[in-house]
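All remarks here apply to the structure that follows.
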Amino acid sequence: MLSIILYSNMNTTRRKFIKISALGLGGVATTTSVINMFGSNSVIEGLAINNIEKKYKRTATYCEICFWKCAAWAYTDEEGKLTKIIGNKDDPHCNGRLCPRGTGGVGMYADEDRLKTPLIRTVVNGEQTYREASWDEALDLIATKFKAIKKEHGAEALGLLKHGCPGAHFEHLFRAFGSDTMAEPAYAQCRGPRETGFALTFGSWVGSPEPTDIRDTKCLVLIGSHIGENMHNTQIQEMSEAIDRKATIITVDPRLSTAASKSNYWLPIKPATDIALLLAWMNVLIEEGIYDKKYVEKYATGFDELKEHVRQFTPEWAYGITTIKPEVIRKTARAMGAASPSVIIHPGRHVVWYGDDTQRERAIAILNALLGSWGRRGGFYFKEKINVPSFPHPPYPKPKWNWEELGEKYPLAQMGITTELIRASIPHKDNKYPVKAWMIGGTNITKSIPDKKLITKAIDALDFLVVIDTMPMDVTGYADVVLPECTYLERCDILRSATNREPNIAIRLPVVKPKYNSKPGYWIAKEIGMRLGLDDYFDYKDMKEVVEWQLKELGTSLEEMKKIGVKKYPRKSGPLYLVESEEHEFPTASGRIELYSHDLKDLGFDPMPLYTKHPEPPQGYYRLNYGRAPMHTFSRTVNNPNLSALKDENKLWVNPKVARIIGLKNDQKVWLKNQDDIISTFAIKVRITERIRWDSVYMVHGFGHRDKRLTRAFGKGINDTELISRIFVDPIMGGTGMRGNFVAILTENPHKNIEV
Ligand SMILES: Nc1nc2c(c(=O)[nH]1)N[C@H]1C(S)=C(S)[C@@H](COP(=O)(O)OP(=O)(O)OC[C@H]3O[C@@H](n4cnc5c(=O)[nH]c(N)nc54)[C@H](O)[C@@H]3O)O[C@H]1N2
Ligand SMILES: Nc1nc2c(c(=O)[nH]1)N[C@H]1C(S)=C(S)[C@@H](COP(=O)(O)OP(=O)(O)OC[C@H]3O[C@@H](n4cnc5c(=O)[nH]c(N)nc54)[C@H](O)[C@@H]3O)O[C@H]1N2
Ligand code: SF4
Ligand SMILES: [Mo]
């Protein structure tokens with residue numbers, strides 16, 4: 001039994017984190033074997049598919065293991081048992097191949113540890129615990145609480161934290177009820193700064209999937225984008241083809257990532273200094289006249305200011321900051337210039353690093369503009385998507401305030417900022433926008449949003465917290481009511497419509513019946529909606545009816561989509577790339593690419609990016625670096641029986657020099673303590689490797705689960721998030737820079753006197 005003292009730093013709260021075991025809900029580890037983990041496409045695999053088609057039924061779905069949302073066929077046998085998931089070959093998100101996680105989707109369905117029935121927090125013999133409840137009881141309770149909060153504080157006081165498809169259903173419920181108080185970690189903990197940085201420069205977001213034309217590129221520059229460990233499907237496929245075509249790959253990463261190991265140039269930059277490198281690259285391109293002069297002249301504004309600005313930022317200047325030699329900076333800049341315009345300085349995706357992230361993304365955007373790559377073959381294509389019509393409903397009421405007011409300190413925030421919604425939930429006399437209750441759907445905020453103290457304080461103050469998840473994840477332990485959603489394989493869902501070269505839609509139909517007493521998100525939203533008197537907003541029987549109506553509007557049908565899974569439409573917005581003979585207006589204030597940003601200047605920010613120095617680790621501490629592993633998505637797959645069989649713990653990458661100083665051996669267990677004296681709950685095994693710089697340590701994010709109901713994931717490895725207590729907030733859009741935390745390595749168990 002893990003003692004409560006171990007959790008004391010998280011649990012000074014009234015709403016105690018409940019570690020269920022008393023209920024006997026913990027499942028037995030399944031023996032599901034590791035099925036074929038790698039995507040189809042080979043001849044052998046093709047034969048296997050043909051075989052399958054004879055005996056098995058296939059159902060169209062799209063993957064929910066990550067947000068690339070690859071369309072797939074899920075196969076069931078004659079008894080209706082789920083056997084295999086294979087990529088849909090007509091899908092531009094996957095071209096018929098799923099990544100290991102997508103194939104492992106069957107494990108998400110099979111996981112015996114899943115949430116099985118609604119749970120309500122209760123007190124037994126003075127101890128907080130959960131009791132099982134019927135859906136009616138749980139939904140009635142939620143509706144009663146929501147009504148009471150609306151009556152007393154207004155619907156705006158209900159906050160929604162969401163991610164992925166379930167979020168869409170709860171968003172509709174919230175808007176219908178009068179609340180637009182919502183946020184997701186996929187913005188302020190992920191891509192927010194990149195979207196603002198690119199919007200300021202080109203007038204458009206990068207979006208997902210990224211419109212990077214890797215397929216035709218001659219030079220791909222990755223700045224901390226660890227494609228290969230970051231398994232975003234078609235990016236990897238296109239990148240491996242680019243490598244085969246002998247495109248130049250340049251990777252800037254303090255760690256020898258998988259991408260770096262496949263690159264022509266690996267620049268092991270000193271962490272937190274990328275803006276200096278980017279400025280020096282601009283300097284070389286301009287000083288040597290190897291930028292795309294015609295493009296800049298025709299489409300950009302502010303070139304003279306930029307030229308003047310970067311004159312001082314020579315490679316020699318950058319060398320002192322980045323540790324990258326001047327000749328390497330020049331050589332790589334020339335390689336980019338030679339490939340121009342078929343060159344991509346990848347915008348990255350998880351870009352909340354050091355707090356000046358919008359400015360770093362601006363620098364990346366400006367570099368792309370100098371190279372003429374936006375709107376060019378082998379650079380960035382002009383994306384397009386299908387607008388799926390909303391099922392008819394009355395207009396949403398207008399809230400008195402919403403996510404925009406919550407984030408008003410950050411003038412260029414374009415979505416809700418999670419940490420601001422959380423902050424607004426802590427009672428304070430100056431709090432103009434008090435949030436009183438949360439619904440959390442499809443996000444494990446205690447693992448994905450940093451600053452545990454802030455979250456705990458907010459959760460403690462809430463009047464009510466409901467969590468909708470498929471698994472007994474960390475966050476469910478704080479809820480008053482826990483609702484079990486069925487997995488994506490067990491439900492009909494919203495149509496997938498994302499930007500791409502060719503606009504397209506994909507359908508998700510139920511492959512198998514919901515296991516246990518779990519229900520689809522749309523059903524949960526509708527049932528709560530009906531109890532809140534919002535019948536007009538849910539005027540349909542089920543999701544199938546909604547999708548059927550939408551498909552008809554889009555000129556197709558359920559029958560057709562059942563057969564094809566993905567439908568592509570002709571482009572309407574014009575060609576994929578700029579047409580040289582034509583004028584083009586960019587959707588910025590000036591109609592041109594803005595190298596110098598008047599918007600930023602008017603708001604009191606630097607109109608062009610500048611390098612600023614960031615704190616460095618004190619003696620005995622190392623910078624905490626983290627990233628992805630190919631077979632896992634954040635914290636959500638660690639308990640998946642198929643995927644945990646591939647990797648069931650994270651390891652601490654340590655440079656041999658550091659290992660020698662501390663006297664570490666491979667696989668030795670260590671604990672970590674950060675700059676704020678926060679000690680990791682669990683231990684982690686050491687991996688000694690030259691692949692990480694001596695000033696940093698590295699681990700894969702998502703491990704170190706502390707809920708015993710996750711029988712495979714419990715206690716395995718360290719949770720990076722608990723060590724991220726210092727945040728560098730981006731003043732432009734509110735992103736939470738998380739890479740400025742430092743850890744000391746402890747070889748003795750700091751929890752020794754605690755019962756474990
Ligand atoms: N320390 C640290 N923090 C990070 C990151 C990092 O690398 N390190 N990465 C950041 C990034 S880039 C992102 S995008 C965010 C991601 O942050 P999150 O979206 O919070 O990611 P997950 O940890 O996958 O949490 C997803 C939750 O949804 C549940 N879930 C899965 N499928 C379903 C479903 O069908 N229905 C419902 N209701 N629930 C479901 C899972 O069980 C899990 O609890 O995290 C950010 N935070
Ligand atoms: N397998 C898998 N793939 C995923 C996901 C997943 O959970 N699992 N999540 C998806 C999501 S939502 C996102 S946002 C992306 C995130 O993936 P990316 O956007 O590709 O990467 P990051 O997490 O920002 O960065 C990780 C890399 O940055 C390097 N790095 C650290 N500090 C610095 C620095 O100061 N400078 C430079 N140049 N590099 C640095 C690290 O060593 C590491 O290699 O991955 C996506 N793909
Ligand atoms: S990249 Fe992998 S996990 Fe993500 S949606 Fe595609 S198959 Fe699923
Ligand atoms: Mo992300």
Side-chain angles (χ1 to χ4, degrees), residues 64-68 99-101 108 114-115 161-167 170 184-191 194 208 222-233 235 251-260 267-274 277 346-354 360 418 440-450 467-476 483-488 490-491 493 520-521 524 614 623-639 653 692-693 696 698 700-702 719-724 736 738-739:
E64 182 80 19
I65 309 287
C66 90
F67 308 102
W68 206 252
C99 84
R101 299 166 299 155
M108 187 180 181
R114 279 172 56 173
L115 288 170
L161 291 155
K162 62 186 169 80
H163 200 179
C165 287
F170 305 124
E184 55 186 85
Y187 183 69
Q189 281 69 50
C190 178
R191 3 184 223 123
R194 149 188 119 170
S208 174
L222 301 172
I223 300 170
S225 289
H226 55 335
I227 298 178
E229 285 148 301
N230 156 359
M231 283 299 268
H232 276 168
N233 197 331
Q235 283 199 96
T251 298
V252 183
D253 197 312
R255 186 180 64 95
L256 182 73
S257 60
T258 305
L267 279 53
I269 195 165
K270 180 172 167 183
T273 65
D274 295 78
L277 173 67
H346 198 292
R349 188 164 176 124
H350 172 64
V351 291
V352 284
W353 295 359
Y354 305 106
R360 189 183 66 255
T418 45
I440 299 179
T443 175
N444 189 12
I445 60 158
T446 47
K447 262 192 147 58
S448 54
I449 301 175
V467 175
I468 301 137
D469 207 298
T470 54
M471 294 294 299
M473 300 300 259
D474 194 72
V475 67
T476 62
L483 300 179
E485 183 167 10
C486 58
T487 67
Y488 69 100
E490 299 159 294
R491 62 187 196 233
D493 221 319
I524 299 171
H614 296 290
R623 189 180 291 275
L624 176 64
N625 184 2
Y626 55 81
R628 310 282 177 244
M631 67 298 278
H632 283 296
T633 302
F634 315 115
S635 63
R636 67 169 57 192
T637 52
V638 179
N639 203 66
W653 292 32
I692 183 82
R693 280 173 59 104
S696 307
Y698 175 81
V700 171
H701 165 64
N719 168 14
D720 56 335
T721 314
E722 69 183 354
L723 299 166
I724 302 177
T736 54
M738 309 203 279
R739 293 240 169 97

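In listed order, ligands and their atoms are each counted from 1.
Between S208 and R349, the side chains place a donor N or O and an acceptor N or O closer than 3.5 Å (distance only, hydrogens not considered). D469 and T476 are not linked by any side-chain donor-acceptor pair at a separation below 3.5 angstrom, with hydrogens and angles left out of the test.
The shortest N or O to N or O distance between K270 and ligand 2 is not under 3.5 Å. Considering backbone and side-chain atoms together, G627 places no N or O closer than 3.5 Å to any N or O of ligand 2. Residue-to-ligand polar distances place A629 within reach of ligand 2: an N/O pair is separated by less than 3.5 Å. Annotation: R739 places an N or O atom under 3.5 Å from an N or O atom of ligand 2; distance criterion only. Taking distance alone, with nitrogen or oxygen atoms compared against 3.5 Å, N230 approaches ligand 2 more closely than that limit. Checked against a 3.5 angstrom limit, the closest N/O atoms of N625 and ligand 2 fall inside it. On a distance-only criterion, C190 and ligand 1 share no N/O pair closer than 3.5 Å. By the 3.5 Å distance cut-off applied to N or O atoms, T633 is not counted among the residues near ligand 1. Not a single N or O atom of Y626, backbone or side chain, sits closer than 3.5 Å to an N or O atom of ligand 1. By the 3.5 Å distance cut-off applied to N or O atoms, I468 is counted among the residues near ligand 1. Ligand 2 has a nitrogen or oxygen under 3.5 angstrom from a nitrogen or oxygen of F634. Distances between N or O atoms of V252 and those of ligand 2 include at least one value under 3.5 Å. Ligand 2 has no N or O atom lying under 3.5 Å from any N or O atom of T273, backbone or side chain. Of the polar atoms of T443, at least one N or O is found under 3.5 Å from an N or O of ligand 1, judged by distance alone. For the pair N444 and ligand 1, the shortest N or O to N or O distance falls below 3.5 Å.
For atom 24 (O) of ligand 1, the closest non-hydrogen atom of the protein is R636 NE, 2.8 Å. Shortest contact from atom 38 (N) of ligand 1 to any protein heavy atom: E485 OE1, 2.8 Å. Of the protein's non-hydrogen atoms, the one nearest atom 17 (O) of ligand 2 is H226 CE1, 3.3 Å. Atom 25 (O) of ligand 2 has G224 O, 2.9 Å as its closest protein atom, hydrogens excluded (heavy atom only). Protein heavy atom closest to atom 39 (N) of ligand 2, with residue, atom name and distance, is P254 CD, 3.2 Å. Closest to atom 43 (C) of ligand 1 among all protein heavy atoms lies D469 OD2, 3.6 Å. Protein heavy atom closest to atom 32 (N) of ligand 1, with residue, atom name and distance, is M108 CE, 3.2 Å. Shortest contact from atom 42 (O) of ligand 2 to any protein heavy atom: D253 OD1, 2.7 Å. The protein heavy atom nearest to atom 19 (O) of ligand 2 is H350 N, 2.9 Å.
Proximity of T487 to ligand 1 is not established, as no heavy-atom distance is less than 4.0 Å. R628 counts as a contact of ligand 1, since one of its heavy atoms falls under 4.0 Å from the ligand. Residue contacts with ligand 1 do not include E184, since none of its heavy atoms lies under 4.0 Å from the ligand. Put simply, no part of R191 is less than 4.0 Å from ligand 2, judged by heavy atoms. Not close to ligand 1: R349, with no non-hydrogen atom less than 4.0 angstrom away. Not a single heavy atom of C66 sits less than 4.0 Å from an atom of ligand 2.
Shown in contact with E229 at under 4.0 Å from a heavy atom are these atoms of ligand 2, numbered in order with element: 1 (N), 2 (C), 3 (N). Interface of Y354 with ligand 2, defined as ligand atoms under 4.0 Å from a residue heavy atom, comprises 32 (N), 33 (C), 34 (C), 35 (O).
Counting heavy atoms closer than 4.0 Å to ligand 1, residue Q189 contributes atoms from both its backbone and its side chain. Contact annotation for V475 and ligand 1: no heavy atom of the residue comes within less than 4.0 Å of the ligand. Counting heavy atoms under 4.0 Å from ligand 1, residue P166 touches it through the side chain alone. Under 4.0 Å from ligand 1, the heavy atoms of M738 that appear belong solely to its side chain.
A cation-pi contact links R739 to Y626, judged by a cut-off of 6.0 Å to the six-membered ring centre and 45° from its axis.
Taking a cutoff of 4.0 Å between a charged side-chain nitrogen and a carboxylate oxygen, R114 and E490 qualify as a salt bridge.
Proximity of H350 to R628: side-chain heavy atoms (C-beta onward) are separated by under 4.5 Å at one or more points.
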